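Each chain gets a letter, A, B and so on, in the order its sequence line appears, and its residues count up from 1. FYI, side chains are in, hydrogens and waters are out, and symmetry mates aren't considered; it's all heavy atoms of this structure. Computed from a predicted structure; not experimentally measured.
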There are 2 protein chains.
Amino acid sequence: MLTAVIDLVAEKGYHGVSTKEIAAAAGVNEVTLFRHFGSKQNLLESAFHHFHYAEEMKKLFREKLVGELYDDLLLISRTYHSIMYRNRKMLQIALKESGIFSEFREKANKHPQQLKGMLAEYFNTMYEKGKLIETDTELQALSFMWMNYGAFISNLHSDGASFPSVTMDAFIEQSARTFTRALTP
Amino acid sequence: MLTAVIDLVAEKGYHGVSTKEIAAAAGVNEVTLFRHFGSKQNLLESAFHHFHYAEEMKKLFREKLVGELYDDLLLISRTYHSIMYRNRKMLQIALKESGIFSEFREKANKHPQQLKGMLAEYFNTMYEKGKLIETDTELQALSFMWMNYGAFISNLHSDGASFPSVTMDAFIEQSARTFTRALTP
DNA sequence: CATGCATGCATGTACTCACTTGCATTAAGG
DNA sequence: CCTTAATGCAAGTGAGTACATGCATGCATG
């Protein structure tokens, strides 16, 4: 039921899908859905809270970085896209229903804010090691994040049909090279 | 009526707003809305077709660029964000209802594809002038576009409350500097 | 075997939705 | 002045919505 409501709401929107549809997609009767969750809104919120997307990134910044700009940016970018893709349905819902459930928007905002913070801090330590030019690390972190965010959103719709000639992996490598060349002293 | 339906659908989604609400917001009776457009869907499509967002960019690439990477990227970026902001309601609708009206998604996809093409071509001529390193210009164009796209989408929701410390203008200048340093021989 | 619990099914309720119809009012143009 | 067209208002249509209720069925545990 939880995966059914996530799938359907991500595709058609909260008001675009009925409880009957959700129950049918989950293979249960509509009434058991209400016996479990009480209301349609509660069902969606329950499903939304059963997911998470943050811990893996924190661990990466704590343990996996090697101090080489290109390698680290590549790893961060790859991890970012794999996490975002795994949670793409959730993010689609947060995008579509942010005007209706402000709760979703807040949760979806925390993640990039944390990532920006960790990335800026990483840039700061790299600067202290003499491996980064003097620059506004917060802005550079945001730029790198937004570049990957834009790529992700763009590939979310129509399953990559918008730019068929370009593979995501080639973009990730190229963009890591670009930022490395721009930020290396 | 056209602006009313755009505003409301952008905020609450197509199924989240009723024809009665739209008519009330437009200051007319619900029935005159049906006499003009016949159906709710036709009303939204009519409103959507009364807008455009492409010509200004084409003109910029034809006439305004000076051949200096930083100045040109800055101008492109600023123009991009002003166009996107002016049409943000339309883009929100295309984002939210892409699963329902495939027509909207197609129209919203044409614009970035054209922009990518023009930007890649600009990079090519800059390379021939010896003002750009040897690189995959298509990928670089995509990266620059996606960076600005991600920034735009991020500021679309909650009216900039997600990253209050950073102004859009500072980001634009910094990102243009970053790409200039990365791509200058 | 008996009890309890989860589920399916049919039906019902109160409401909203997109959309229609008939009629009265207004205002502009020949 | 009279016609025509656009609009408002009241009422209604049929479908679909979230959600509730009563009852029968199965299934596991005591």
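Distance CZ (B:Phe37) to C1' (C:dT20): 18 Å, rounded to an integer number of Å. The distance from atom CD of A:Glu21 to atom C1' of D:dA18 is 13 Å, rounded to the nearest whole Å. Rounded to a whole Å, the CD atom of A:Glu30 is 12 Å from the P atom of C:dC9. Remark: P of D:dC19 and CG of A:Leu44 are 12 Å apart, rounded to the nearest angstrom. The separation between A:Leu43 atom CG and D:dT17 atom P is 16 Å, rounded to whole Å. For A:Gln41 and D:dC19, the CD to P distance is 9 Å, given to the nearest whole Å. Spacing between atom CZ of A:Phe34 and atom C1' of C:dT7 amounts to 16 Å, rounded to whole angstrom units. The NE2-C1' distance, from B:His15 to C:dA18, rounds to 12 Å in whole Å.
Among the heavy atoms of the strands lying under 4.0 Å from B:Val28 are primed sugar atoms or P, OP1, OP2 only; no base atom is included.
If you find the closest nucleotide of DNA chain D to A:Arg35 and to A:Val17, the one lying nearer the 5' end belongs to A:Val17.
Ranking C:dA10, C:dA18, D:dC19 by closeness to the B:Lys40 side chain, first place goes to C:dA18. When distances run from any side-chain atom of B:Thr32 to the nucleotides D:dT7, D:dC19, C:dC9, the shortest one goes to D:dT7.
Between A:Lys58 and A:Glu63, no side-chain nitrogen of the basic residue sits less than 4.0 Å from a carboxylate oxygen of the acidic one, so the salt-bridge criterion is not met.
For A:His36 and C:dT7, the shortest distance from a side-chain N or O to OP1 or OP2 is below 4.0 Å. An OP1 or OP2 oxygen of C:dT7 is reached within less than 4.0 angstrom by no side-chain nitrogen or oxygen of A:Asn29.
As the counterpart of D:dT29, C:dA2 is assigned, both hydrogen-bonding distances of the Watson-Crick or G-U wobble pattern falling under 3.5 Å.
A distance-only check finds no donor-acceptor pair linking the side chain of A:Asp71 to the backbone of A:Gly67 [under 3.5 Å]. A donor-acceptor contact shorter than 3.5 Å is absent between the side chain of A:Asn29 and the backbone of A:Ala23. Looking only at distances, a side-chain donor or acceptor of A:Gln174 sits under 3.5 Å from a matching main-chain atom of B:Asp136.
Residues A:Met118 and A:Met57 form a side-chain contact, since some pair of their non-hydrogen atoms from C-beta on lies under 4.5 Å apart.
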